[in-house]
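Order of the sequence lines sets the chain letters (A, B, ...), proteins ahead of strands, with each chain counted from 1. Just so it is clear, the model here is predicted, and its values are computed rather than measured.
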Amino acid sequence: MNAVTQRWIEVGPLADIPPQGARVVRTPAGCIAVFRTATDEVFALNDRCPHKGGPLSEGIVHGASVTCPLHSWVFDLNSGAAQGADVGQVATYPAHVRDGVVYLGLAP
Amino acid sequence: MAKKLVVIGAGMASGRMLENLGPDWQVTLFNAEPRGNYNRLMLSPVLSGEKTYAEIITHDADWYGAQRIDTRFGETVTKIDRNARVVVSAGGETPYDALVIATGSAPFIIPVPGHKLPGVVTYRDLEDTNTMIAASRPGARAVVIGGGLLGLEAAAGMAARGAEVTVIHLMGHLMERQLDPSAGYLLQKDLERRGIRVHCKGATKAILGNDRVEAVLLEDGTVYPADLVCMAVGIRPETRLANDCGLEVARGVVVNDQMQTSDPAVFALGECVEHDSQLFGLVAPLYDQAKVLAAVLNGETGRFQPVQTATKLKVTGVDLFSAGDFAEAPGREDIVFRDPGRGIYKRLILEGERLIGAVLYGDTADGSWFFDLIKTGKDVSDMRDTLIFGPAFAAGGTKADPLAAVAALPPEAEICGCNGVCKGKIEAAVQGGALTLDAVRAQTKASASCGTCTGLVEKVMALTLGDGFAANANPAMCKCTDHTHEDVRRMIKAGGLKSIPAVMQELGWKTVGGCASCRPALNYYLLADWPLDYRDDRQSRFVNERNHANIQKDGTYSVVPRMWGGVTTPDELRAIADAADKFNVPMVKVTGGQRIDLLGVKKEDLPAMWSDLNAAGMVSGHAYSKGLRTVKTCVGSEFCRFGTQDSTGLGIKLEKLLWGSWTPAKVKLGVSGCPRNCAEATCKDIGVICVDSGYQISVAGAAGMEVKETELLMTVATEAEALEIIAAFTQLYRENARYLHRIYKWVAKVGLDWCKDQMADLTTRRALYDRFLQSQSVYQTDPWAELAERPADWAPMKTISLEAAE
């Protein structure tokens with residue numbers, strides 16, 4: 001998560017992610033969930049809920065939040081922080097769209 | 001001697017540049033169109049008949065004459081020779097000291113079959129406009145492909161001339177680049193009120209016709225007859241001349257802050273340019289470019305810096321405003337205001353103390369004030385509480401009224417579906433002295449039957465009585481709304497609401513996109529109430545229904561093929577065993593519903609496994625759905641010495657009738673061949689016990705967190721009656737229950753007697769049965785067969801290997 005040394009990796013067309021949905025990018029360090037909101041913003045978070053390891057990529061996306069499919073913890077896609085009464089944090093990665101292609105920022 | 005300036009293109013940008021150009025230049029102006037500059041933004045009013053072409057001309061022959069500009073209209077420049085500094089056209093070579101490329105943009109054409117047929121037009125210039133005017137005879141059918149700014153203006157214009165217009169839009173809502181889904185919904189509603197049909201999520205597959213266009217075919221099979229097709233799916237910079245002469249071209253002709261291309265003697269301007277990786281389509285930045293270029297050519301200093309732009313749709317009677325950035329992003333917050341009664345939606349997007357974006361629909365009076373706040377980046381923290389009410393509310397404001405949605409319903413809106421009582425009748429009763437719910441019930445019968453509309457009746461009473469009424473406190477659906485599930489269901493029907501954005505807008509949702517609690521519920525209510533109109537929203541479903549498999553604690557899935565009535569064959573068992581081997585299934589388990597569960601399947605293996613099971617004749621068992629799960633049977637009279645009827649056969653018939661239907665919560669059936677009840681039918685949602693004289697149908701059992709025996713609904717003599725009643729009862733449940741309520745919970749609320757009355761009335765029962773079959777005509781499909789064809793959607797989007805990551 002060092003902004004100075006991170007590299008941008010092309011992960012594929014934005015059109016491959018459904019609006020209000022997510023797709024997974026598999027990395028040697030584990031899966032990353034790449035989310036697309038209703039307004040076509042993209043966010044990248046670790047695909048693992050800190051509660052019981054649920055795949056956040058399979059949650060319902062509403063506004064800039066996702067609800068974990070296993071036990072309904074809600075996370076802010078911006079910060080990766082759990083919302084409401086739950087306490088937890090998911091690692092986030094920089095992500096952006098350029099010319100319809102999604103890029104993910106990873107530490108080298 | 002005056003220097004020679006050649007300008008290619010007489011559009012709005014070059015027109016503005018020429019206005020600001022000093023007298024030192026001797027100008028030659030080429031234009032491929034056989035006319036000078038006119039206000040292209042005003043083509044829409046010309047199309048709709050509100051203006052004439054003469055009214056939108058900005059530079060006429062007199063003006064060009066006074067500026068001593070040599071006009072070459074209708075003469076296309078075919079080549080630029082940068083070494084010789086000449087442009088080539090039909091009239092020969094024209095030398096230049098400086099050249100301005102202002103070739104604008106070209107419409108993007110989707111290369112579907114039939115796109116070259118006569119009758120297919122784009123929407124760029126006066127010729128296109130005149131073609132559409134000629135085609136827009138009253139009764140003519142026009143299809144516009146593209147629901148963006150341009151496409152909608154074309155659609156509204158042709159509709160105003162009497163054509164029957166259909167807009168096909170690829171995305172989920174109109175003008176998705178300028179509007180969010182809520183505003184897109186209101187826009188669609190306004191256009192539909194003008195008789196324009198809107199088909200979102202529609203991908204054009206082909207344009208059909210022999211000698212000229214006859215119809216448009218979509219990927220989903222829909223066919224819209226068409227006498228004219230207008231393609232308005234977007235524009236791209238017209239860069240051919242610049243490309244051919246070797247200038248630097250990316251998406252557009254690349255220019256610096258002085259509008260200079262890679263050749264110092266060549267400048268470019270307008271929609272054909274790319275500046276700092278950005279393209280330009282709206283007129284405000286183009287005018288800025290024009291002034292900068294004029295200054296540079298005049299020998300002054302100038303520097304183009306793009307500023308934010310705001311969008312307004314030029315359709316008379318549609319009030320829409322969008323400015324700045326309204327995407328979700330870190331540290332951003334929304335302020336939302338909805339007034340369902342007046343069709344108003346306002347959304348402000350704040351980042352820290354600053355306003356950065358605004359989407360307004362229905363009331364755009366404050367648009368320029370918000371736009372100013374966006375551009376200046378002023379600190380708005382002091383007025384944040386009242387910001388959304390605009391400049392008029394510098395201090396103090398009004399609060400959104402939770403009753404507004406009910407107040408907005410017209411008097412003829414049906415509040416009580418059971419007894420057909422409309423809002424006006426309830427109001428009249430209250431005004432006539434019925435001051436309590438019981439009194440209203442006694443006089444009007446509103447909420448006197450199933451009772452699910454009670455909350456809504458109370459709201460109508462509260463509105464009529466003012467503060468004098470105290471309603472029962474029913475819990476709201478979720479934190480996004482003050483309405484109960486029952487109220488939302490009734491208002492979806494009463495208000496004819498047919499999409500999630502429609503419900504959220506008309507019922508005054510307090511959040512932008514709902515939450516994981518209300519979205520699946522709304523999706524269910526809409527597909528249950530409008531089976532033919534509504535399209536299932538996959539992204540509003542829980543993971544199991546979205547992926548058509550049950551997620552397990554480790555993120556793997558379980559796969560359960562359907563076994564009709566619990567009966568299988570050696571071939572099916574072999575196919576299941578083969579699939580278990582092929583995909584290394586860690587556990588094969590027999591379920592409580594008489595079928596076989598393959599547990600621990602990886603998500604990316606699902607499509608291939610489904611495909612194998614499909615090939616063996618099996619379909620999804622919907623073991624994951626709020627829908628029909630299983631029909632458990634005993635062997636019945638076929639083999640059992642006690643069996644009174646063919647319980648296995650009836651179970652199979654029931655499962656074949658009911659499978660694929662979505663219900664508020666899961667539905668499990670059992671059919672036992674005799675009162676010994678080996679199929680344990682009396683703890684199911686719906687159970688049948690066969691007896692010598694026929695079939696005892698009982699409902700509302702439970703064998704989960706609560707255990708409850710079923711209660712008798714009806715006894716019938718024939719299998720055909722049993723099938724009809726069970727389907728009709730399932731439909732009654734589908735239409736009335738709250739999402740996630742099993743049948744026993746719902747029956748406890750509405751009362752078994754009410755259910756019995758509905759079933760006993762033959763007309764009601766028949767209508768329910770017919771509506772069930774109508775829904776099944778859409779939803780009884782095997783999801784595996786459809787989804788197995790798209791395996792890529794189930795795999796990771798990308799796999800980053802160790803080497804790549806190093």
Under a 4.5 Å heavy-atom cutoff, which of Arg98(A), Glu10(A), Glu58(A), Lys52(A) has the most pairs with chain B? Glu58(A)
Let's test your reading of the structure: which of Ile60(A), Val61(A), Val66(A), Val74(A) forms the most heavy-atom pairs below 4.5 Å with chain B? Ile60(A)
Contact part of Gln552(B) toward chain A, heavy-atom cut-off under 4.5 Å: side chain, backbone, both or neither? backbone
Heavy-atom count around Glu219(B) CD within 6.0 Å, excluding the residue itself: above 12? yes
Please classify the contact of Thr27(A) with chain B as side chain, backbone, both or neither, using a heavy-atom distance under 4.5 Å. both
Side chain, backbone, both or neither: which part of Pro19(A) has an atom under 4.5 Å from a heavy atom of chain B? backbone
For Lys602(B), I'd like to know if atom NZ has over 12 heavy atoms of other residues, nucleotides or ligands within 6.0 Å. no
Which bit of Arg36(A) is near chain B, if near means a heavy-atom gap under 4.5 Å: side chain, backbone, both or neither? side chain
Hey, does Leu106(A) have a side-chain heavy atom less than 4.5 Å from the side chain of Ile800(B)? yes
For Asp76(A), is it the side chain, the backbone, both, or neither that has a heavy atom closer than 4.5 Å to a heavy atom of chain B? neither
Below 4.5 Å from any heavy atom of chain A, which atoms of Ser277(B) appear? Answer side chain, backbone, both or neither. side chain
Got a second to check how far Asp554(B)'s CG is from Leu70(A)'s CG, nearest 0.5 Å? 9.5 Å
Need one label for Asn547(B): side chain, backbone, both or neither, based on atoms under 4.5 Å from any heavy atom in chain A. side chain
For Arg546(B), does the CZ atom sit with more than 12 other heavy atoms under 6.0 Å from it, leaving out its own atoms? yes
Please confirm whether the backbone N or O of Gln20(A) pairs with a side-chain atom of Gln539(B), one donor and one acceptor, at under 3.5 Å? yes
Measure the CE-CG distance between Met797(B) and Leu104(A) for me, rounded to the nearest 0.5 Å. 9.5 Å
Report which part of Lys553(B) has an atom under 4.5 Å of a heavy atom belonging to chain A: side chain, backbone, both, or neither. backbone
Quick one: pull up NZ in Lys603(B) and OG in Ser57(A) and give me the separation to the nearest 0.5 Å. 6.0 Å
With a 4.5 angstrom heavy-atom cut-off, is it the side chain or the backbone of Arg251(B) that approaches chain A, or both, or neither? side chain
Passes side-chain contact (heavy atoms from CB on, under 4.5 Å), Lys798(B) versus Ile9(A)? Steps please. CA-CA 10 Å; Lys798(B) 187 184 179 91; Ile9(A) 294 177; 4.1 Å; yes
Flag the pair Asn78(A) / Arg332(B) as yes when at least one side-chain heavy-atom distance between them is below 4.5 Å, and no otherwise. no
